[in-house]
Q: 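Can you keep this structure in mind? I'll have questions shortly.
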Amino acid sequence: MKINKNYQNIEETYLFSEIAERVRKYMEQDKGAALIKMGIGDVTRPLCKSAVEAMVHAAEEMGTAEGFHGYGPEQGYAFLRDAIADYYLNTSGVKVFSDEIFVSDGAKSDIGNILDIFDKDNVVAVTDPVYPVYVDTNIMAGRKVIKLSASADNDFLPMPYPGLEADIIYLCSPNNPTGAAYDKVRLQKWVDFANAHGSVILFDAAYESFISDENIPRTIYAVEGARSCAIEFCSLSKTAGFTGTRCGYTVVPESLIREGVQLRKMWLRRQTTKFNGVAYPVQRAAAACLKDQGLSEIAENIAYYKENAKIIADTFTELKWPFTGGKNSPYIWVKCPNGMRSWAFFDDLLVRANVICTPGSGFGECGEGYVRFTSFNTRDNTIEAMKRIREIFG
Ligand code: PLP
């Protein structure tokens with residue numbers, strides 16, 4: 001018996017355990033501290049009414065002989081895939097066919113699982129800082145990963161460059177952790193690069209619903225040529241508060257062909273072999289979120305987070321701290337004042353403001369000197385945290 005030794009090459013992520021440890025130690029000295037977590041990556045608003053009603057109704061159906069559902073289609077029920085196809089059409093004017101859509105229990109699983117259809121000997125490119133899942137899943141499979149630096153110099157949006165060799169390219173827009181988002185012109189350059197080199201772009205659109213600028217595509221398929229080079233991952237986690245409910249979807253276009261094989265067919269084969277679909281009540285709830293009433297309810301929650309993001313962004317503007325994100329994204333990526341390093345500023349904020357952020361260095365070398373704030377806390381806490389920061393640093 002031999003284990004997969006690649007697992008020994010995965011870097012331990014101490015980020016969130018280290019944050020918890022530092023907070024615990026601080027609380028020992030200052031037991032009454034009113035801490036505010038501004039680093040949370042999870043949503044806090046409850047599910048919308050339409051989702052809850054649909055889920056309850058579906059659960060009741062399941063308790064009747066006529067309404068009982070056993071194994072569903074591995075690719076997802078047609079009612080949800082059609083709702084997702086309509087969502088693409090209505091939000092972006094993009095036509096995605098129902099059989100190109102694969103419903104799943106969230107984007108994270110699909111982002112990891114998609115690697116089953118690619119050979120080990122592909123070079124993978126990720127941006128740095130990065131959502132760690134892209135790196136770790138490839139290291140587990142023994143692939144080589146190269147990093148593309150994101151910095152203020154490139155607006156935190158790395159671009160292809162002459163001589164770049166990359167078979168699989170991960171793009172996350174709006175980005176976690178930086179909050180930066182590719183406009184159509186820049187995204188077109190990536191699509192052109194991928195088509196010219198035969199690469200495949202794995203496009204993570206988990207935060208598409210936070211986009212408000214017209215020139216920022218909510219889907220890579222809004223860019224010409226993307227259907228022949230890109231797979232898109234999306235999720236109801238941040239769009240509709242489904243982090244605990246679990247539902248996402250992946251689009252593999254029919255015209256995405258490599259080595260004469262349709263990747264859609266490979267993914268279908270992979271899913272029908274290893275996956276048995278998402279719970280019926282969850283799919284009903286997801287579909288309800290994408291219908292008119294549901295859409296207006298989830299829009300209220302997104303507007304709430306976006307207002308929080310604005311409060312944070314306005315504070316940093318006032319303090320003249322350079323930052324990115326916050327406009328088309330729930331994340332605000334801010335440069336630590338006075339050239340401080342990420343952890344030093346984290347400690348300083350914790351002790352002096354009792355505010356918890358996420359050190360940027362935890363997302364990659366290029367994250368050093370930055371921290372990430374999120375807009376997922378309550379309005380009151382967001383206002384209070386920013387008040388404290390202004391009082392201390394203003
Ligand atoms: N992609 C990005 C960039 C994320 O930040 C997250 C969650 O934080 C995910 C994917 C995972 O989404 P899901 O909850 O659908 O698995």
Side-chain angles (χ1 to χ4, degrees), residues 1-13 74-75 100 102 104-150 158 160-172 176 190-206 220 226-235 248-276 363-366:
M1 206 296 288
K2 289 189 178 124
I3 59 164
N4 181 349
K5 298 242 170 17
N6 295 318
Y7 276 62
Q8 290 159 11
N9 300 326
I10 308 167
E11 276 183 37
E12 283 299 332
T13 30
E74 292 94 339
Q75 222 183 312
E100 298 175 325
F102 296 77
S104 74
D105 64 347
K108 191 179 192 172
S109 338
D110 281 4
I111 288 166
N113 294 335
I114 196 78
L115 296 173
D116 275 8
I117 70 169
F118 300 118
D119 189 89
K120 179 180 153 300
D121 290 331
N122 280 301
V123 176
V124 176
V126 301
T127 59
D128 178 356
V130 66
Y131 176 53
V133 176
Y134 311 152
V135 178
D136 292 351
T137 49
N138 278 289
I139 301 288
M140 284 171 184
R143 278 195 200 87
K144 187 176 162 203
V145 177
I146 57 170
K147 306 238 169 122
L148 310 172
S149 306
Y161 52 84
L164 173 66
E165 297 284 341
D167 305 307
I168 299 173
I169 300 156
Y170 285 84
L171 296 179
C172 176
N176 178 13
W190 272 116
V191 166
D192 293 346
F193 173 89
N195 278 323
H197 290 76
S199 322
V200 171
I201 295 175
L202 300 182
F203 191 76
D204 188 341
I220 194 163
R227 284 181 58 85
S228 56
C229 68
I231 294 176
E232 181 159 292
F233 304 90
C234 207
S235 170
Y249 48 91
T250 289
V251 176
V252 190
E254 279 170 3
S255 41
L256 177 49
I257 296 167
R258 291 293 177 271
E259 300 192 278
V261 180
Q262 252 194 4
L263 298 193
R264 189 194 76 81
K265 286 204 175 135
M266 288 182 77
W267 181 238
L268 179 63
R269 190 74 175 87
R270 192 271 171 212
Q271 289 299 78
T272 50
T273 304
K274 295 196 187 181
F275 185 59
N276 251 341
F363 298 99
E365 276 174 35
C366 295

Q: Judged by atom type as modelled, is there a donor-acceptor pair below 3.5 Å linking the side chain of Asp110 to the main-chain atoms of Ala107?
A: no
Q: May I have the list of side-chain donor-acceptor pairs in residues 163-172 shorter than 3.5 Å, sequence neighbours left out?
A:
{"residue": "Asp167", "atom": "OD2", "partner": "Val123", "partner atom": "N", "Å": "2.6"}
{"residue": "Tyr170", "atom": "OH", "partner": "Asn138", "partner atom": "ND2", "Å": "3.0"}

Q: Yes or no on side-chain contact (heavy atoms from CB on, under 4.5 Å) for Ile231 and Thr250, after CA distance, side-chain angles and deciding distance?
A: CA-CA 7 Å; Ile231 294 176; Thr250 289; 3.7 Å; yes
Q: May I ask you to decide if the ring planes of Phe193 and Trp190 are parallel, tilted or perpendicular, using 30° and 60° as cut-offs?
A: perpendicular
Q: Measuring only between side-chain heavy atoms, which start at C-beta, is Val251 closer than 4.5 Å to Phe102?
A: no
Q: Salt-bridge test for Lys274 and Asp116: reply yes if a basic N is under 4.0 Å from a carboxylate O, no otherwise.
A: yes
Q: Is the shortest distance from a Lys or Arg side-chain nitrogen in Glu365 or Lys147 to a carboxylate oxygen in the other one below 4.0 Å?
A: no
Q: Looking at Leu148 and Ala125, what are the two nearest heavy atoms and their distance?
A: CD1-CB, 4.1 Å
Q: Could you report the tightest heavy-atom contact between Gly112 and Thr137, atom names first, then the distance?
A: CA-CG2, 3.7 Å
Q: Is the closest side-chain heavy-atom distance between Leu256 and Glu100 below 4.5 Å?
A: no
Q: Please check this pair: side chain of Asn4 against backbone of Met140, looking for a donor-acceptor N/O pair closer than 3.5 Å.
A: yes
Q: List the steps, then state whether side-chain contact (heavy atoms from CB on, under 4.5 Å) holds for Val124 with Ile146.
A: CA-CA 6 Å; Val124 176; Ile146 57 170; over 6 Å; no
Q: For the CG atom of Leu115 and the NZ atom of Lys120, what is their distance to the nearest 0.5 Å?
A: 13.0 Å
Q: Kindly indicate, with the supporting measurements, whether the criterion side chain to side chain donor-acceptor pair (under 3.5 Å) is fulfilled by Ser109 and Asn113.
A: CA-CA 6 Å; Ser109 338; Asn113 294 335; 5.1 Å; no
Q: Please collect all side chain to side chain donor-acceptor pair (under 3.5 Å) contacts where either partner lies in residues 254-266, sequence neighbours excluded, each pair once.
A: none
Q: Which pair of heavy atoms, one from Ala141 and one from Asn6, lies closest together, and at what distance?
A: C-ND2, 3.6 Å
Q: Which heavy atom in Ala230 sits nearest to a heavy atom in Pro253, and how many Å separate them?
A: O-CD, 3.2 Å
Q: Can you tell me how far the CZ atom of Phe275 sits from the OG atom of Ser104, to the nearest 0.5 Å?
A: 6.0 Å
Q: When you compare the side chain of Ile111 with that of Asp204, does any pair of heavy atoms fall below 4.5 Å?
A: yes
Q: Report the C-alpha distance between Asp128 and Phe363 in whole Å, list the side-chain angles of each, state the deciding distance to 0.1 Å, and finish with yes or no for side-chain contact (heavy atoms from CB on, under 4.5 Å).
A: CA-CA 7 Å; Asp128 178 356; Phe363 298 99; over 6 Å; no
Q: Do the non-hydrogen side-chain atoms of Tyr131 and Lys108 ever get within less than 4.5 Å of each other?
A: yes
Q: What is the minimum heavy-atom distance between Ala226 and Val191, and which atoms define it?
A: N-CG1, 3.6 Å
Q: What's the verdict on side-chain contact (heavy atoms from CB on, under 4.5 Å) for Glu232 and Tyr249, showing C-alpha distance, side-chain angles and the deciding distance?
A: CA-CA 8 Å; Glu232 181 159 292; Tyr249 48 91; 5.9 Å; no
Q: First locate atom CE of Met266, then atom CZ of Phe118, and finally report the distance between them rounded to the nearest 0.5 Å.
A: 8.0 Å
Q: Looking at every non-hydrogen atom in both residues, tell me the closest pair between Ile10 and Ile139 and how far apart they are.
A: N-CG2, 3.9 Å
Q: Starting at CZ of Arg143, measure out to CG of Asp121 and round the result to the nearest 0.5 Å.
A: 9.0 Å
